[in-house]
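These figures come from a predicted structure and were not determined experimentally. In this chain, numbering begins with 1 at the start of the sequence shown.
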Amino acid sequence: MSESSEWLIYRGAGEPHEGIDRLPAPPPWRDFTGRDAAAGTGGEGSEDRRLGAHRHLAELHRPGAEELEMINAALYLRRPLLVTGSPGAGKSTLAHSVAYELGLGNVLRWSIVSRSTLQDGLYHYDAIARLQDVQIAAQGNGGATPPTQGGQGAGTGSPGAAENIGSYIRLGPLGTALLPSDTPRVLLIDELDKSDIDLPNDLLNVLEEGEFAIPELERLADRLPDGEAEVLTADGTRARVRDGRVRCRAFPFVVLTSNGERDFPAPLMRRCIHLQLGRPDHTRLATFVRAHLGDEAARAGDDLISRFLERSRSELLAADQLLNAIYLTDAAAPPSRDRLADLLIQRLDRPR
């Protein structure tokens, strides 16, 4: 086997072998092994993937003056921060950076797709699961008549009882961010420009008022203990909701990201602080690589950083493509290195 192909795990030889044992550790931004352990310790696994496992080596880099000012303006004014820029410019990472530096806990993430609705972000009521539990309990009671909607006819403590309705309600990322707390949560609403045309307008009232109602709980508030129900949250904990309404005390730090694929309505823009992230320079890209792969990888990949910057003047490229190329070409010998880098860093603004 040639030197340039020694890094290959799958060889296309058609014969089973134990090459998978040679597969090295994943790149830090694709390492999910610490996710379970991090779940109860503040989410360090997610921070490593977003900010970089070697982020302590990048401490000399600081955001630009305008970037710092807009972030702090959003914090002071309790307004959402709308961050636009090209793919891989660091828009999503910004939310994780703020949460990490200010000790605001795990970032709540709402990834937007074309079918996303405001309801998805606020809460989900699983009426079907509740009905199934009622029917199973009825079968166990010898076929007693299930309770009617709202819990009438259900015994205290049974699946259909009013006090158990919270078990069938899970708050979404936006709903969880609006729970009352002494310090703000960080909410990332990622790629809002991919949404249906109505979602930006639907967000206006919730972002302005900092509260929303859960009708399923409002209808039963007078039959709940102290008017409260314990519901599930987006980050796997439980929270008490009183009188069927979620009202924030500290408005969350909301980061809305957009790749600039569409314009947003003026009412949304008026309620946001707008930050445009420009094309990163060599220093910023080197810091980005250093934070994820370490100082040695940043030095070894300096030529790839320069080529990436040169191409990005006329092509749409993403910084995570550069990370992939530097990580993978470290295992490949020339001349495969340059060819492999070109295969991994392909322009995003031209159909292939």
Side-chain angles (χ1 to χ4, degrees), residues 28-30 32 35 38 43 45-52 63 67 70-71 74-75 79-102 104-124 170-178 184-204 206-207 233-236 251-265 268-269 271-278 280 288 291-292 316-321 323-324 348:
W29 59 95
R30 297 298 299 168
F32 301 99
R35 182 159 52 183
S46 177
E47 289 170 358
D48 283 350
R49 284 187 284 114
R50 283 288 172 178
L51 301 179
E67 186 176 336
M70 293 299 98
I71 292 171
L75 285 167
R79 289 292 187 183
L81 180 68
L82 174 60
V83 186
T84 57
S86 58
K91 302 183 295 296
S92 301
T93 301
L94 186 151
H96 290 265
S97 179
V98 172
Y100 176 73
E101 181 173 323
L102 300 183
L104 299 179
N106 295 342
V107 173
L108 295 162
R109 180 169 183 165
W110 183 14
S111 298
I112 301 299
V113 297
S114 60
R115 301 178 303 279
S116 297
T117 65
L118 177 62
Q119 185 74 26
D120 298 330
L122 293 178
Y123 76 96
H124 172 68
R170 179 181 290 274
L171 299 180
L174 176 55
T176 301
L178 292 173
R185 294 295 303 267
V186 176
L187 170 65
L188 172 63
I189 303 180
D190 208 13
E191 298 190 334
L192 184 61
D193 50 337
K194 288 183 168 52
S195 72
D196 178 83
I197 193 171
D198 293 325
L199 182 58
N201 282 317
D202 294 342
L203 286 168
L204 296 178
V206 175
L207 294 179
T233 68
D235 45 8
F251 189 79
F253 180 67
V254 181
V255 177
L256 308 163
T257 73
S258 168
N259 292 328
E261 296 179 1
R262 59 181 280 196
D263 294 328
F264 295 116
L268 178 68
M269 298 298 293
R271 289 168 169 84
C272 294
I273 305 298
H274 186 203
L275 171 62
Q276 172 72 40
L277 291 182
F288 177 65
H292 284 276
L316 180 62
L317 304 174
D320 50 0
Q321 293 175 298
L323 271 186
N324 292 337
L348 306 175

- Looking at residues at least two apart in the chain, or sitting in another chain, which of them share a side-chain contact (heavy atoms from CB on, under 4.5 Å) with Asp198? Asp196, Asp202

- Task: Enter the distance from Leu104:CG to His96:NE2 here, rounded to the nearest 0.5 Å.
- Result: 12.5 Å

- Shortest non-hydrogen contact between Pro200 and Leu268, atoms and distance: CB-CD2, 3.8 Å

- Minimum heavy-atom distance Ala177-Leu187, with the two atoms named: CB-CB, 4.0 Å

- For His124, check side-chain contact (heavy atoms from CB on, under 4.5 Å) against everything at least two apart and list the hits. Asp126

- Message: More than 12 heavy atoms of other residues, nucleotides or ligands under 6.0 Å from CD of Glu101: yes or no?
- Response: no

- Quick one: CD1 on Ile273 to CG on Leu256, what's the gap to the nearest 0.5 Å? 11.5 Å

- Task: Might you work through the side-chain contact (heavy atoms from CB on, under 4.5 Å) test for Ile197 and Arg262, ending with a clear yes or no?
- Result: CA-CA 10 Å; Ile197 193 171; Arg262 59 181 280 196; 4.1 Å; yes

- Item | Which atom of His274 lies closest to which atom of Met269, heavy atoms considered | ND1-CE, 4.1 Å

- Task: Taking all non-hydrogen atoms of both residues into account, name the closest pair between Leu81 and Met70 and its distance.
- Result: CD1-O, 3.8 Å

- Short side-chain to backbone donor-acceptor contact, Lys91 and Ser86, under 3.5 Å: yes

- Roughly how far apart are Leu199 CG and Ile189 CD1, rounded to 0.5 Å? 8.0 Å

- Item | Side-chain (Arg170) to main-chain (Thr233) donor-acceptor, under 3.5 angstrom | yes

- Dump the intermediate steps for side-chain hydrogen bond (donor to acceptor under 3.5 Å, both in side chains) on Ser111 and Asp190, then the final yes or no. CA-CA 5 Å; Ser111 298; Asp190 208 13; 4.8 Å; no

- Message: Which heavy atom of Val255 sits nearest to which heavy atom of Ala95, and what is that distance?
- Response: CG2-CB, 3.9 Å

- Query: Stepwise, does the side-chain contact (heavy atoms from CB on, under 4.5 Å) test hold for Leu174 with Leu118?
  - Reply: CA-CA 9 Å; Leu174 176 55; Leu118 177 62; 4.0 Å; yes

- Walk me through it: do Leu192 and Leu203 pass the test side-chain contact (heavy atoms from CB on, under 4.5 Å)? CA-CA 11 Å; Leu192 184 61; Leu203 286 168; 4.1 Å; yes

- Query: Ignoring hydrogens and geometry, is there a side-chain-to-backbone donor-acceptor pair from Asp193 to Ser258 under 3.5 Å?
  - Reply: no

- Could you grab the distance from atom CZ of Phe253 to atom CG of Leu102, nearest 0.5 Å is fine? 8.5 Å

- Task: Ignoring hydrogens and angles, tell me if any N or O in the side chain of Arg185 forms a donor-acceptor pair with the backbone of Pro173 under 3.5 Å.
- Result: no

- Query: Do Ser195 and Ser116 come within less than 4.5 Å of each other through their side chains, counting heavy atoms only?
  - Reply: no

- For Thr176 and Ala234 the tightest heavy-atom approach is OG1-N, 2.9 Å

- Task: May I have the step-by-step check of side-chain contact (heavy atoms from CB on, under 4.5 Å) for Leu275 and Leu94, ending in yes or no?
- Result: CA-CA 11 Å; Leu275 171 62; Leu94 186 151; 3.8 Å; yes

- Query: Between Thr84 and Asn259, is there a donor-acceptor pair closer than 3.5 Å when you use the side chain of the first and the backbone of the second?
  - Reply: no

- Task: Measure the spacing between CG of Leu108 and CG of Leu171 and express it to the nearest 0.5 Å.
- Result: 10.5 Å

- Partners of Ala318 by side-chain contact (heavy atoms from CB on, under 4.5 Å), sequence neighbours excluded? Pro87, Asp320, Gln321, Leu348

